[in-house]
Structure formats: C-alpha cells, structure tokens
Amino acid sequence: MNLAEMYYHQAYGCYPFKTEGPLLKTQKIIQHLKDAGISDSEILRVIEEAPRAKYLTPELLPEWLWEESLLEKGVFYFHKEFHIKPGGPKLDPKTGRARKQPFYLEMKIRFTLDDLLDYYYRKAGVEEELKNPQREKGAFKNLLQRYRKISFVEPIDFIMALIDQHAENDYGYIASPFDITRDEADVYRCLKQKAQEAELAGANRIIWR
C-alpha cells in the first residue's frame, strides 16, 4: 500500500471511488511533499490529520509543515532556489522514447534561517574561520524585517537576490550580511520590473502538477 492509498484507508477504510482520478490527484500532492523534502514520517502525520476529502489538495496541507520556515503557505516566490519544477524527459518503457513531463511550478515548503545562512556562506565564499553564525543570523533577521515594506516581492526573495547580485559583482571579501545591501537600489529596480512583467503575463502564480 503506497502513501496515497493509505490516505483513503485512513479516511474511508478503503478506496471508495470507481475511477483512479482522485487517487492520482492525491498521489501528486504526496509526490510534491516528497520533492519538497518532507519525510515519510511527516507525510504519514499529514495523512493521519487530513480531513476526509475526495482527494488531497494543497489547501488541506497543515500549517505546521511551514513552522520555522521563511516561506509561507500558498505564496509565490521568484527565486529559483524556492522552485520545484519537473526534471528532464523520462524514458517511456512502452515506446522506448523520451517523454517530456508536463510543466508545473510549485514552491518549496521549508527554507529556514540556517538554510539562508548556508546559501549566503556558499555564494559569498565566506571562509570557515570568519563565520559567526549567531551574529550573521541576527543580521539576516534585521534585513528580513527591513524589507517587509517592499510590496512587490517577499523579503526573503529580495535578500536572495541581493546575495546573488553581490556574488555576481565579485566584490571580494565580505565582512557582514549587511554588505550585500550595497546593491539594494539596483536589485530593487530589477525585481520591481520583474514582478510587474510577471503580473502582466500571469507568471507570478503557483502551477500545480
């Protein structure tokens, strides 16, 4: 019995529908959780707590999955680090041909302050001896609060873009996360234009598989 089937066993005692449609939709949500890095034990908890429904939907996912995450449920993010997309073409065993997977654009669930710090260390090339996690976490908390005023992107999106821009400009030694703010004006203009274009094109939304 797979995890999707377990949901129906938990909710109904057995699979109650004549077609596989609801089961396939539930399987897609389960796979989303797996791709987002959610463990099987946590998925089991989701299944146990989920209300009885024809199939699992994103709206039925519990809020606790996002605890301690800098990402929020149902929010679209621009940075590719937060995206879940289909991989390359898969081989169809029946035809022997590569089959392109249907497009989807989902958001990750967990990206913590520790993950942000790791991303910053990696992109900025901070030497191990110069790392001060507690001080740098404090700096990022300050920046997250500072950028809440921006209306067109989320604070974490803005900070990730600042880190990328700083790395691309290759300024060399970076003493503090506050150093990335030197590109603040350029990143603001760039992201504002990107957000406006995405809004016009309808490209600022989550597309579920």
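Side chains included, hydrogens not; waters and symmetry mates left out as well; all remaining heavy atoms used. As the structure is a computational prediction, the values presented were derived from the model and not from experiment.
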### Message
Using the rule that Ile, Leu, Val, Met, Phe, Trp and Tyr join whenever any side-chain heavy atoms are under 4.5 Å apart, tell me whether Leu71 and Ile206 fall into a single cluster.
### Response
yes
## Note on the structure
Applying side-chain hydrogen bond (donor to acceptor under 3.5 Å, both in side chains) to Glu154 and not counting sequence neighbours gives none
### Task
May I have all residue pairs that pass ring pair (Phe, Tyr, Trp, His ring centres under 6.0 Å) and include part of residues 32-55, sequence neighbours excluded?
His32-Trp208
### Query
So, Tyr119 versus Asp164: side-chain donor-acceptor pair below 3.5 Å or not?
yes
### Query
How about Lys73: does its NZ atom have over 12 heavy atoms from other parts shown lying under 6.0 Å from it?
yes
### Query
Roughly how far, to the nearest 0.5 Å, is CD1 of Ile47 from CD1 of Ile29?
12.0 Å
### Task
Would you give the length of the straight line joining atom CD1 of Ile150 to atom CZ of Arg148, rounded to the nearest 0.5 angstrom?
11.5 Å
### Task
With sequence neighbours left out, write down each residue that passes side-chain contact (heavy atoms from CB on, under 4.5 Å) with Ser151, or none if nothing qualifies.
none
### Spatial distance of atom CG (Asn169) from atom CG (Asp183) [nearest 0.5 Å]
5.0 Å
### Query
About how many Å separate NZ of Lys137 and CG of Leu144, when rounded to the nearest 0.5 Å?
13.0 Å
### Query
Should Leu24 and Ile43 be regarded as members of a common hydrophobic cluster, given that ILVMFWY residues are connected when their side-chain heavy atoms come within less than 4.5 Å of each other, either directly or indirectly?
no
### Message
Taking salt bridge (Lys or Arg N to Asp or Glu O under 4.0 Å) as the definition, give me every residue that meets it alongside Asp118, ordered by chain and number, with sequence neighbours left out.
### Response
none
### Task
Grab the two heavy atoms, one from Pro86 and one from Pro102, that are nearest each other, plus how far apart they are.
CG-O, 3.6 Å
### Query
So, Ser176 and Asp179: side-chain donor and acceptor under 3.5 Å apart, yes or no?
no
### Task
Would you please name every residue forming a side-chain contact (heavy atoms from CB on, under 4.5 Å) with Ala36, sequence neighbours left out?
Ile38, Ile84, Ile109
### Selection residues 198-209 - residue pairs positive for salt bridge (charged side-chain N to carboxylate O under 4.0 Å, His left out), sequence neighbours left out
Asp35-Arg209, Glu106-Arg209
### Query
Can you name the side-chain hydrogen bond (donor to acceptor under 3.5 Å, both in side chains) partners of Gln101, sequence neighbours left out?
none
### Task
Would you give the length of the straight line joining atom CD1 of Ile180 to atom CD1 of Ile159, rounded to the nearest 0.5 angstrom?
6.5 Å
### Lys108 side chain to Glu81 backbone, donor-acceptor under 3.5 Å
yes
### Working for side chain to side chain contact (heavy atoms under 4.5 Å, CB included), residues Leu113 and Glu68
CA-CA 8 Å; Leu113 195 58; Glu68 298 185 12; over 6 Å; no
### Query
Does some side-chain heavy atom of Pro133 sit less than 4.5 Å from a side-chain heavy atom of Leu117?
yes
### Message
For residues 135-155, which residue pairs pass the ring pair (Phe, Tyr, Trp, His ring centres under 6.0 Å) check, not counting sequence neighbours?
### Response
Tyr120-Phe140, Tyr147-Phe158, Phe152-Tyr188
### Query
Does Lys131 make a cation-pi contact with Tyr121 (under 6.0 Å, within 45 degrees of the axis)?
yes
### Summary
The ring-ring contact (aromatic ring centres under 6.0 Å, His included) partners of His166 (sequence neighbours excluded) come to Tyr171
### Task
Tell me whether Leu116 is reachable from Leu130 by hopping between hydrophobic residues (I, L, V, M, F, W, Y) whose side-chain heavy atoms are closer than 4.5 Å.
yes
### Query
Okay, side chain of Glu197, backbone of Lys194: is any donor-acceptor separation there less than 3.5 Å?
no
### Query
Short question: side chain of Asp157, backbone of His79 - any donor-acceptor pair under 3.5 Å?
yes
### Query
Can Glu184 and Thr181 be counted as having a side-chain donor-acceptor contact under 3.5 angstrom?
no
### Query
Can you name the residues that form a side-chain hydrogen bond (donor to acceptor under 3.5 Å, both in side chains) with Arg122, not counting sequence neighbours?
none
### Arg110 side chain vs Gly37 backbone, donor-acceptor pair below 3.5 Å
no
### Query
Are Leu191 and Leu200 connected, step by step, through hydrophobic side chains (Ile, Leu, Val, Met, Phe, Trp, Tyr) whose heavy atoms are closer than 4.5 Å?
no
### Query
What pairs with Arg189 under side-chain contact (heavy atoms from CB on, under 4.5 Å), at least two apart in sequence or on another chain?
Ala185, Asp186
#### Entry: side chain to side chain contact (heavy atoms under 4.5 Å, CB included) between Tyr77 and Val153, intermediate numbers included
CA-CA 8 Å; Tyr77 295 90; Val153 294; over 6 Å; no
### Query
Shared ILVMFWY cluster between Leu56 and Tyr104, side chains joined below 4.5 angstrom?
no
### Query
Which residue pairs satisfy the side-chain hydrogen bond (donor to acceptor under 3.5 Å, both in side chains) criterion with at least one member in residues 9-30, sequence neighbours excluded?
Tyr8-Thr26
### Message
Can a side-chain donor-acceptor contact be found between Trp64 and Glu49 if the only test is distance below 3.5 angstrom?
### Response
yes
### Summary
When rounded to the nearest 0.5 Å, the distance separating CE of Met160 from CD1 of Ile163 is 6.0 Å
### Query
More than 12 foreign heavy atoms under 6.0 Å from CZ of Arg97: is that the case here?
no
### Query
Do Leu65 and Leu33 come close enough that some side-chain heavy atom pair is under 4.5 Å?
yes
